[in-house]
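Read through the structure below, which is laid out as structure tokens, and then see the notes.
For the single chain, residues carry numbers from 1 onward in sequence order. For clarity, every value in this text was computed on a predicted model and none was experimentally measured.
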Amino acid sequence: MPPTVLSPGLDDDKSDGEETTVSGLSSGNFRVRRRRSPEFTPVVMAAGCGSQMFELSSDTPKCMLPVANTPMIWFSVNYLISHKFEEIFVVVRRAAKDKIEGYLTSCIRKLEQDVHIEYVCIEDDADLGTADSLRLVAPKTKSDLLVISSDLITKVSLSELANVHRANNAALTALIAPRYSPPSADGRRKRNKKDDRDFIGLDPEDDRILYIANEKDIEEEISIKRGQLARFPHMRLHTNLLDSHLYLVSRTTLNILDNHPDVSMMRCELLPLLVRKQIKQIVNTSYTVFADRLYSKKQDTDEDCKHPEEYFEVLSEVESVGCYVHKTQDFTVRVNQLHNYIKYNKAVSENMDDVIPQNDMTTCDISKMTQVGKCSRIGNSVRIAEKCSFKRSFIGNRVEIGPHCKIVDSVIMDDVRIEDNVSLTNCVVCKDVIIRNKCTLKDSRVCDGFEVAAESEFVGESLVTDSALPNMMTFSICNCGHSSDAEDLSK
């Protein structure tokens, strides 16, 4: 009888599994790990199209965009592996499956760990939300689900989130964190006006979710029913918290999802639905819904002839819906907005250094007369000529940079060629770009395959090839009806 592999758990004291003695063999000679069904099955949502970052992901899946020179999906997958999950579902677009699978397979092979990833494919032209994706994954497992967005990068302990979920027997538990904002020169943290805020109403006693909406979904005012305010008079409405898109979802919630086939998006539709059900069951008294039927003086019908005790039994079997949050102060960001892309590259590089794979600098040819700042990162097979300067910048793989270039607060992706005397400040340069000599770019984005003419100057521009324009216009038209950027698959 071969030994079995331990199923993962979120408790540190359960990670080693149970040992048992096989009949006829001493425990010293043969030990078997008893396989347990996982309490949570992780699902990585990686099918997002990147509507907020489409200029960077027109030819690259959003989850494969580099963050600190590492495709962002690696952070969520490595996060699950570090918590000892051995089976992971990844929801992807069919066209992107081979690229994502090839990358994750090579990374897991380097870790030398036995991790199985099952890819759930969505057709490229399918308009499916995260709730639809859960419907595809749910039949493949009998446990609760752990849903994580591929653009989430966090250091929070999953065991703490799981304990909140267990203690409240919750239908859904969400991770929230203070919205990351780096300190300015004077040490203060200021919110970027371009950021989409989440309005999250919580019960201060037990962190129950009482209201949740994204700023884009609110037209003019926030409407809360009088009965809810009477029941929760001390509700606190937060605008500085980030819904991290990390959820623990119970089987009860999956059953509710089956009963609401019109619910497509998790963040914009399913979560508000659960909150409404929770509020309704708390505000209403136990038997109000049946009061007319139980004590009505009208003529009984066949439906009304049941004994009242039968109704009481039905009431006791009603599924309880509880939505809670776990608040964390650990580093947590979501890389889902273009204007924050460079800022989050720097933040991840500073806070997640132990997770970022180290590149092989022996493959690079960097002149000794070039200055590379401590906060900069260099990829593999990079060639940099003399008298260049890099500050707080990220250089991808197979990049060639000529002499006398100055690059500050910028991200340079793979296979880029930059000629001599080029100045880049707060810019994003996508893959396969050529920047000719004596160019000056500031606060600009250069999209895939674009060639910047010599001696050009651009400030605050998006440079796109003519071939990419029709695709970008089509994408914009197709997504103009989406209600919120908060939905994973619409981003």
Side-chain angles (χ1 to χ4, degrees), residues 53 55-60 64-71 338-339 341-346 348-350 356-469:
M53 304 177 69
E55 295 175 35
L56 309 183
S57 59
S58 58
D59 193 39
T60 302
M64 292 294 289
L65 287 175
V67 178
N69 280 6
T70 305
L338 184 57
H339 66 272
Y341 182 63
I342 296 176
K343 177 178 73 175
Y344 286 160
N345 269 264
K346 292 185 285 188
V348 171
S349 179
E350 294 171 358
I356 300 172
Q358 299 299 316
N359 291 326
D360 185 4
M361 295 303 296
T362 61
T363 63
C364 299
D365 181 11
I366 303 176
S367 171
K368 294 182 179 179
M369 299 180 68
T370 285
Q371 297 179 350
V372 180
K374 293 182 179 180
C375 297
S376 298
R377 289 184 179 270
I378 307 295
N380 296 319
S381 304
V382 174
R383 297 176 60 187
I384 303 177
E386 68 276 1
K387 295 185 179 180
C388 291
S389 174
F390 300 90
K391 295 181 180 179
R392 302 177 300 276
S393 295
F394 302 87
I395 313 300
N397 301 317
R398 301 175 299 280
V399 173
E400 296 183 14
I401 301 177
H404 304 281
C405 290
K406 183 178 180 180
I407 300 177
V408 180
D409 294 326
S410 296
V411 176
I412 313 296
M413 298 188 189
D414 297 346
D415 302 300
V416 171
R417 181 154 62 95
I418 301 175
E419 296 184 352
D420 59 294
N421 288 284
V422 171
S423 176
L424 302 176
T425 304
N426 197 41
C427 293
V428 179
V429 181
C430 298
K431 60 187 183 68
D432 298 317
V433 165
I434 299 176
I435 302 180
R436 299 298 181 184
N437 60 331
K438 297 183 180 179
C439 289
T440 301
L441 281 73
K442 182 178 180 180
D443 302 329
S444 298
R445 296 175 292 276
V446 188
C447 299
D448 292 345
F450 192 89
E451 181 175 333
V452 184
E455 302 184 14
S456 298
E457 293 186 10
F458 294 100
V459 178
E461 298 288 344
S462 294
L463 308 180
V464 186
T465 60
D466 293 338
S467 60
L469 280 175

With sequence neighbours excluded, residues passing side chain to side chain donor-acceptor pair (under 3.5 Å) with Asn426: Asp443
Atom pair CG (Leu441) and CD (Glu457), whose distance is rounded to the nearest 0.5 Å: 9.0 Å
Non-hydrogen atoms of Leu56 and Arg445 that approach each other most closely: CD2-CD, 4.5 Å
Under 3.5 Å donor-acceptor, Asp420 side chain and Pro403 backbone: no
Ile407 backbone acceptor or donor facing Ser410 side chain under 3.5 Å: no
For Asp415, all residues meeting side chain to side chain donor-acceptor pair (under 3.5 Å), sequence neighbours excluded: Arg398
Pairs meeting criterion side-chain hydrogen bond (donor to acceptor under 3.5 Å, both in side chains) with involvement of residues 378-392, two or more places apart: Arg392-Asp409
Ile384 side chain reached by Phe390 side chain, heavy atoms, under 4.5 Å: yes
Value rounded to 0.5 Å, distance of CD1 in Ile412 from CD1 in Ile395: 5.0 Å
Closest non-hydrogen atom pair between Gly460 and Ser444, with its separation: N-OG, 3.3 Å
Sequence-distant partners of Glu451, side chain to side chain donor-acceptor pair (under 3.5 Å), two or more places apart: Arg436
Smallest separation among heavy atoms of Gly402 and Cys388, with atom names: O-SG, 2.9 Å
4.5 Å side-chain heavy-atom contact, Val452 and Leu463: yes
By side chain to side chain donor-acceptor pair (under 3.5 Å) - contacts of Lys406 (at least two apart): none
Ala453 versus Cys439, closest heavy-atom pair with distance: O-SG, 2.9 Å
Separation between CG of Asn69 and CE of Met413, rounded to the nearest 0.5 Å: 10.0 Å
Worked verdict on Asn437 versus Asn421 for side chain to side chain contact (heavy atoms under 4.5 Å, CB included): CA-CA 6 Å; Asn437 60 331; Asn421 288 284; 5.6 Å; no
Gap separating the SG atom of Cys375 from the CD atom of Glu350, nearest 0.5 angstrom: 5.5 Å
From Ile356 atom CD1 to Thr70 atom OG1, the distance as rounded to the nearest 0.5 Å: 5.0 Å
Heavy-atom check, side chain of Thr440 versus side chain of Leu424, under 4.5 Å: no
Heavy-atom donor-acceptor pair, Ser376 side chain to Ser393 backbone, under 3.5 Å: yes
Considering all heavy atoms, the nearest Cys364-Gly379 contact: SG-O, 3.0 Å
Any residue meeting salt bridge (charged side-chain N to carboxylate O under 4.0 Å, His left out) with Lys442, in chain and number order, not counting sequence neighbours: none
Closest non-hydrogen atom pair, Met361 against Ile366: CE-CD1, 3.9 Å
Under 3.5 Å: donor-acceptor pair, side chain of Asp414, backbone of Asn397: yes
Val433 and Asp448: CA distance, side-chain angles, deciding distance, side chain to side chain contact (heavy atoms under 4.5 Å, CB included) verdict: CA-CA 6 Å; Val433 165; Asp448 292 345; 5.8 Å; no
Atom pair CZ/CG of Phe450 and Asp432 - distance to nearest 0.5 Å: 14.0 Å
